[in-house]
Amino acid sequence: MIARLWPIFRRDLALLLRGAQGRGGAALPLLFFLAVAMLYPFAVGPDARLLSRTGAGVIWVAALLAAILPLDRLVEPDVEAGLFDQWALRGLSEEVLLMVRIVAHWISFGVPLLLAAPLAAGLLSLDGGQLAMVEWGLLLGTPGLAAIGVTIAALTAGLRAGAALGGLLAIPLTVPLLIFGAGSLQPGGEGGLGLLAACSLVALAVAPFAGAAAIRATRE
Amino acid sequence: MVEKDPKFKNMHGFANPARFLRLARWLMPLLLGVGLVLAFGALAWGLLMVPPDRLMGQTVRILFIHVPCAWLGMAGWSTIAVSSLVELVWRHPLAAIAARAAAVPGAVFTALCLITGSIWARPTWGTWWVWDGRLTSYLILLFLYFGYIALAGAAQRDAAAGGGASRVTAVFGMVGAINIPIINRSVVWWNSLHQPASITLGKSSIDPTFLWPLLIGALGFSCIFGGVVLARMRTLLADIQAEARLRRKAMA
């Protein structure tokens, strides 16, 4: 099983990182994330105290918006090309394939955000302690964001209006991650990290099954 | 491709579900009529005859609309979730239609609940909106409804154009059901975290003078909800029937 999944994982990761076959690569959400962090000081003015008080929350909003960006390229091209049908003929279930894709998506989306967060923290005048909390929060929250992203991508893969719907469907589902992620930044809010991890785990547990049901539904 | 699929033949069989339509034909006006009488009676009772509350004063009367709307907003998504489960597991086409039909009335009740709650909160809490657990999770419910309605519309347009994919709507309906227990428990969970006790105001013990019009109002609003869902189901079925007849004529 692992021997059959490994090449698929490498392919998913290469496509998501590099961007090919009509997909933008990992750079697109990353640049978007940094662009939001850069725009915010223009909008509220460069007052360092205000920035450091609100900046960590802005990083979370930027991460959420960046998660919406790649939705229409996560699953749709492979459904369109019939790859999931080919995999199903070879006896690979959609659940397993989507688990692989969630991991690949997290590496191509979550890890770059973790690496870019210090840069955003510099733009938003965050101190070391705040940055550490943001990094912990993103580390625990981005797997959940990746799982929800893949689910929504699978739900909209068979629809012609899918790309436009992705954001509307994803936002209400990702709000708990934002609440606990940003909530953990308040003084004494470290407990939010545990709840954030819980939300991520729920999303990771539900996502492969919901997404697989959606992909199978596109066959009818 | 659609016509050859045996499942869709079944769908066309159900597109003329005589039994459901026979039931709905007399049940729908009955539910709507009884619901309107009960709801207006309970509202008149609540507005004219119930004395002002000791703490909330006259604003207590908003709750006779607010509380049934809140229950039905959640009942609407529960209907969607249960119907979606039936649709996915047993492939019952009426369940699919019931889920689609419950979305818009559910969203309307959810919006009414948020609006009336906001009007009530202005004099009582001194603010239109608080970001506390109950309000936030309920606002998320409204956005889930918006997403569901948009998704159902897109899936239906694709199905009309010859594609499949109506069952993805059911998957989203079941995923969104995660929010229902969160709304239900939010008062308990968030009290323990940060919320001052304002939201449990008057919840612990409701005087019978307030309780009876509230319960009768809830029953009336529920009947209206059921009647509207049945009416929408009949409309959706009529659409499917007209579509099928058109296709038959085109083939003949």
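Chain identifiers are assigned alphabetically (A, B, ...) following the order of the sequence lines, protein sequences preceding nucleic acid strands; residue numbering begins at 1 within each chain.
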*Asks:* If you count heavy-atom pairs under 4.5 Å between each of A/L168, A/V206, A/L155, A/V175 and chain B, which one has the most?
*Replies:* A/L155
*Asks:* Would you find more than 12 non-hydrogen atoms of other residues, nucleotides or ligands less than 6.0 Å from A/R4 atom CZ?
*Replies:* yes
*Asks:* B/L151 vs A/L159, test: side-chain contact (heavy atoms from CB on, under 4.5 Å). Steps then yes/no.
*Replies:* CA-CA 9 Å; B/L151 184 63; A/L159 299 173; 3.3 Å; yes
*Asks:* Start with the C-alpha distance between B/L144 and A/L173, add both sets of side-chain angles, then the distance that settles side-chain contact (heavy atoms from CB on, under 4.5 Å), and finish with yes or no.
*Replies:* CA-CA 8 Å; B/L144 284 172; A/L173 294 178; 4.0 Å; yes
*Asks:* Given heavy-atom pairs under 4.5 angstrom as the criterion, report whether the side chain, backbone, both or neither of A/L165 touches chain B.
*Replies:* side chain
*Asks:* Assess the residue pair B/F143 and A/I171 against the criterion (side-chain contact (heavy atoms from CB on, under 4.5 Å)); give the C-alpha distance rounded to whole Å, side-chain angles, the decisive distance to 0.1 Å, and a yes or no.
*Replies:* CA-CA 8 Å; B/F143 276 90; A/I171 284 171; 5.8 Å; no
*Asks:* B/V171 and A/F209: side-chain contact (heavy atoms from CB on, under 4.5 Å), yes or no, with the steps?
*Replies:* CA-CA 10 Å; B/V171 176; A/F209 300 100; over 6 Å; no
*Asks:* Answer yes or no: are there more than 12 heavy-atom neighbours, outside A/W87 itself, under 6.0 Å from its atom CH2?
*Replies:* yes
